[in-house]
Chemist: 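Shown below is the structure under consideration.
Whatever order the structure lists ligands and atoms in, that order sets their numbers, starting from 1. Side chains included, hydrogens not; waters and symmetry mates left out as well; all remaining heavy atoms used. Numbering starts at 1 and runs along the sequence shown.
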Amino acid sequence: MAKQNSKKYMGILSKVIGKYDSISGSDYDYWCPFCKDDDQGHLHVNFYKGKALCHRCGYAAGSLKKLLQDLRIDLSEVEEYVEKIPAIGKFIKDLWKAEKKRKAGVITLPDEYNVLRVRAKDLMSKMYLGYLRRYRGLSIDEISSIPIGYCSEGRYAGRLVFPTYMFGKLVYFTTRAVLTGKPKSLHPENTDKNYILYGVDWLESTNHIFLVEGVFDTFAFRNKSLAVFGHSLSHEHVAILRKLRAKEITVCFDADVPVAQITRLCKFIAENTESTVSFMQLDTGDPFDNRHTIQRFIDRRIIYNQRQSLHNQLKELFVD
Ligand SMILES: [Zn+2]
């Protein structure tokens with residue numbers, strides 16, 4: 001976390017939850033906004049490491065972005081997100097402007113949404129954590145790396161909720177049934193998913209981007225992947241990929257998606273971006289199931305279209 005960004009984060013945080021009231025070591029201690037009102041502990045925020053933790057209620061965030069998103073702070077106004085990847089900054093801004101003109105419905109999290117705290121002691125949180133840790137095999141570190149919540153009442157009762165942010169703005173959320181039956185996933189209706197790519201806010205670089213089908217699959221590649229919520233790719237998705245200017249884009253869908261469909265996707269991406277396009281073939285299951293041995297599949301990925309460097313293209317032109 002760059003130092004100049006820490007100051008911005010500190011400024012935003014102070015505005016929303018008040019000024020820190022003490023400093024211990026490299027931790028800034030704020031009154032914890034996730035604790036119950038009558039039993040508030042301290043939220044220790046380390047701006048340098050980008051971590052936050054409350055021992056009282058167990059709230060933990062592995063990044064400052066997650067903390068701000070859990071506090072439902074709209075980061076779209078914060079310049080550093082735009083500065084970070086200048087090529088898409090303007091594009092995304094234009095996208096939101098177009099959205100506003102269309103008066104698209106604003107997405108908000110369900111009223112019953114609770115932030116899942118990784119060290120929470122209440123029964124409900126423990127059940128969801130049990131699902132993520134024992135059934136899904138996720139580590140505490142993985143769980144606290146992205147915003148995750150749950151609902152105990154309402155339309156999404158008994159479900160884990162995964163908010164989707166793009167440049168700090170909530171654009172969508174999807175849910176996963178845990179204490180309830182079908183359908184497996186339930187999400188807001190009438191949302192245009194065509195331009196939604198899960199994980200844009202967590203991309204650590206645009207060198208090599210892995211394209212996956214859903215939230216859980218992004219755990220296989222952590223901060224190097226984007227999920228499309230399904231296995232089709234829209235023109236808007238590809239437009240975002242083009243603007244990201246990735247050196248390489250690798251499609252990694254579930255093993256049961258036919259190769260013919262994958263190569264069609266690769267063709268679509270290759271025709272519309274400047275990136276090298278490749279795909280991975282898993283033997284069984286999805287990227288999440290294979291996440292502990294994913295490097296083996298990355299090494300064996302198949303290059304669909306090698307994008308030549310400009311230097312080589314020029315050389316070819318002048319060879320007689
Ligand atoms: Zn707390």
Chemist: Measure the acute angle between the ring planes of H235 and F268, then classify it against the limits of 30° and 60° as parallel, tilted or perpendicular.
Modeler: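 Perpendicular, since the angle between the ring planes exceeds 60°.
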Chemist: Please check if the distance between the ring centroids of H55 and H42 is under 6.0 Å.
Modeler: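 Aromatic pair excluded; centres sit 6.0 Å or further apart.
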Chemist: What I'd like to find out is whether the side chain of F297 reaches to under 4.5 Å of the side chain of C252, using heavy atoms alone.
Modeler: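 Side-chain contact under 4.5 Å: no.
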Chemist: Provide the protein N, O or S atoms situated under 2.8 Å from the Zn ion (ligand 1); waters are not included.
Modeler: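 C32 SG, C35 SG, C54 SG, C57 SG, with waters left out.
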Chemist: Assess whether ring pair (Phe, Tyr, Trp, His ring centres under 6.0 Å) is satisfied between Y198 and Y172, documenting all intermediate values.
Modeler: CA-CA 9 Å; Y198 181 87; Y172 186 65; 9.3 Å; no
Chemist: If I take atom OG from residue S26 and atom CZ from residue F47, how far apart are they, to the nearest 0.5 angstrom?
Modeler: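 Spacing of OG (S26) from CZ (F47) equals 11.5 Å.
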Chemist: Side chains of N46 and Y28: any donor to acceptor distance under 3.5 Å?
Modeler: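 The answer is no; no qualifying pair exists.
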